[in-house]
Amino acid sequence: MTENDDFGNNLVWLSVLVQRRYAQICADHDLTSVQATLLCVIKDQPQGMGELAQLLGVAKNALSGLVDRIERRGLVQREALQRDRRAVTLSTTALGKEIVDALYVDVARRMPDIAGALPTDEQHQLANSVARITAHLTASSMQSPGSM
């Protein structure tokens, strides 16, 4: 096993820890991780269902079921486009926006302590590195469909 193998394994384990913490935060807001992520994606800008399926890496029929469940809770609303009644955008309702805003606050408060064992300067360095990696991977996934 090489040092690079340990790095890969450590990234996987870190991902498990991050996802576990995120799932707990979402549950505290009565959301699943996927529901919360969907709300985060449409928080500030409505998205088309096709774009959402691609961004979330799910099939359109699975997305429809997910949307049905959170629409019944009054968190999102579907709107047909004027120019093409078959095309639908999804946006948050006032209640959905309130919940996703509270989720954002909670994530910002509770996620960073995962790196709490690091000195402050290393936490800042990690935060900067994660931001750069995320920006790069997000830009790459937008350029090639299905790469998430």
Side-chain angles (χ1 to χ4, degrees), residues 1-71 73-79 87-148:
M1 189 178 267
T2 67
E3 183 179 321
N4 213 19
D5 291 336
D6 285 342
F7 181 60
N9 290 329
N10 286 332
L11 282 176
V12 169
W13 183 241
L14 178 60
S15 171
V16 168
L17 296 172
V18 167
Q19 288 301 316
R20 189 182 301 159
R21 176 74 52 87
Y22 183 60
Q24 182 57 57
I25 294 168
C26 294
D28 291 347
H29 292 270
D30 197 26
L31 297 168
T32 65
S33 297
V34 176
Q35 290 171 339
T37 301
L38 172 64
L39 287 172
C40 290
V41 170
I42 63 171
K43 175 181 178 286
D44 295 319
Q45 180 176 347
Q47 295 283 329
M49 295 290 281
E51 293 85 6
L52 280 171
Q54 183 179 351
L55 283 168
L56 298 174
V58 298
K60 287 182 184 179
N61 60 345
L63 177 62
S64 291
L66 170 65
V67 170
D68 288 344
R69 288 186 293 281
I70 61 174
E71 186 176 38
R73 291 183 54 198
L75 305 181
V76 299
Q77 59 190 11
R78 297 176 198 196
E79 296 175 39
V88 174
T89 61
L90 191 68
S91 60
T92 55
T93 61
L95 176 60
K97 180 108 168 80
E98 181 181 320
I99 288 173
V100 76
D101 286 345
L103 177 73
Y104 262 68
V105 168
D106 212 7
V107 165
R109 184 176 55 83
R110 293 172 55 187
M111 288 300 278
D113 70 342
I114 286 177
L118 297 174
T120 303
D121 63 324
E122 289 184 32
Q123 288 181 32
H124 292 298
Q125 191 175 14
L126 177 62
N128 291 334
S129 295
V130 168
R132 285 195 319 271
I133 291 167
T134 303
H136 172 74
L137 292 176
T138 302
S140 296
S141 70
M142 296 299 178
Q143 294 170 358
S144 55
S147 62
M148 282 187 90

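Note that the structure is a prediction, hence the values are computed from the model and not measured. What you see below is based on every heavy atom in this structure, not just the backbone, and it leaves out hydrogens, waters and symmetry mates.
- Residues Tyr22 and Met111 share a closest heavy-atom pair of N-SD, 4.0 Å.
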Evaluate Tyr104 against Val107 for side-chain contact (heavy atoms from CB on, under 4.5 Å), listing each step before the verdict.
CA-CA 5 Å; Tyr104 262 68; Val107 165; 5.8 Å; no

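- Considering only residues two or more places apart in sequence or on other chains, Arg69 meets the side-chain hydrogen bond (donor to acceptor under 3.5 Å, both in side chains) condition with none of them.
- Residue pairs meeting the side-chain hydrogen bond (donor to acceptor under 3.5 Å, both in side chains) criterion with at least one partner in residues 105-123, sequence neighbours excluded, are Arg21-Asp113, Asp28-Arg110, His29-Asp106, Asp106-Arg109, Asp106-Arg110.
- Residues passing the side chain to side chain contact (heavy atoms under 4.5 Å, CB included) test with Val105: none are found, sequence neighbours excluded.
- Applying the side-chain hydrogen bond (donor to acceptor under 3.5 Å, both in side chains) rule to Ser33 yields no partners; only residues at least two apart in sequence or on another chain are considered.
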If you apply the rule side-chain contact (heavy atoms from CB on, under 4.5 Å), what do you find for Thr32 with Thr37, and how did you get there?
CA-CA 9 Å; Thr32 65; Thr37 301; over 6 Å; no

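- Side-chain contact between Ile25 and Leu31: absent, with no pair of heavy atoms (C-beta onward) separated by less than 4.5 Å.
- Side-chain contact between Val67 and Leu63 is present, with at least one heavy-atom pair separated by less than 4.5 Å.
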When you look at Thr89 and Met49, which way does the side-chain contact (heavy atoms from CB on, under 4.5 Å) test go after all the steps?
CA-CA 6 Å; Thr89 61; Met49 295 290 281; over 6 Å; no

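- The main-chain N or O of Leu75 is found under 3.5 Å from a side-chain atom of Thr93 such that the two form a donor-acceptor pair.
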Scan the side chains in residues 124-135 for donor-acceptor partners under 3.5 Å anywhere in the protein, sequence neighbours excluded, and list what turns up.
{"unit_1": "Asn128", "atom_1": "ND2", "unit_2": "His124", "atom_2": "O", "d": "3.3"}
{"unit_1": "Ser129", "atom_1": "OG", "unit_2": "Gln125", "atom_2": "O", "d": "3.1"}
{"unit_1": "Thr134", "atom_1": "OG1", "unit_2": "Val130", "atom_2": "O", "d": "2.8"}

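- For Pro112, the side chain to side chain contact (heavy atoms under 4.5 Å, CB included) test picks out no residue, with sequence neighbours left out.
- The two residues Gly74 and Leu95 come nearest to each other via the heavy atoms O-CB, 3.9 Å.
- Residues passing the side-chain hydrogen bond (donor to acceptor under 3.5 Å, both in side chains) test with Glu71 are Arg78, sequence neighbours excluded.
- Ala36 approaches Leu103 most closely through the heavy-atom pair CB-CD2, 3.5 Å.
- Under the rule for a side chain to side chain contact (heavy atoms under 4.5 Å, CB included), the partners of Ile42 that lie at least two apart in sequence or sit in another chain are Gln47, Leu52, Val76, Leu90, Thr92.
- Among pairs with a residue in residues 35-60, those fulfilling salt bridge (charged side-chain N to carboxylate O under 4.0 Å, His left out) read Lys43-Asp101, Asp44-Lys97, at least two apart in sequence or across chains.
- One distance of note links CG of Leu66 with CG of Asn61; it measures 11.5 Å at 0.5 Å rounding.
- Side-chain contact check for Glu79 versus Ser91: some heavy-atom pair is nearer than 4.5 Å.
- With values rounded to the nearest 0.5 angstrom, Leu39 atom CG is found 9.5 Å from Cys26 atom SG.
- With contacts defined as side-chain heavy-atom distances shorter than 4.5 Å, the pair Gln35/Leu38 does not qualify.
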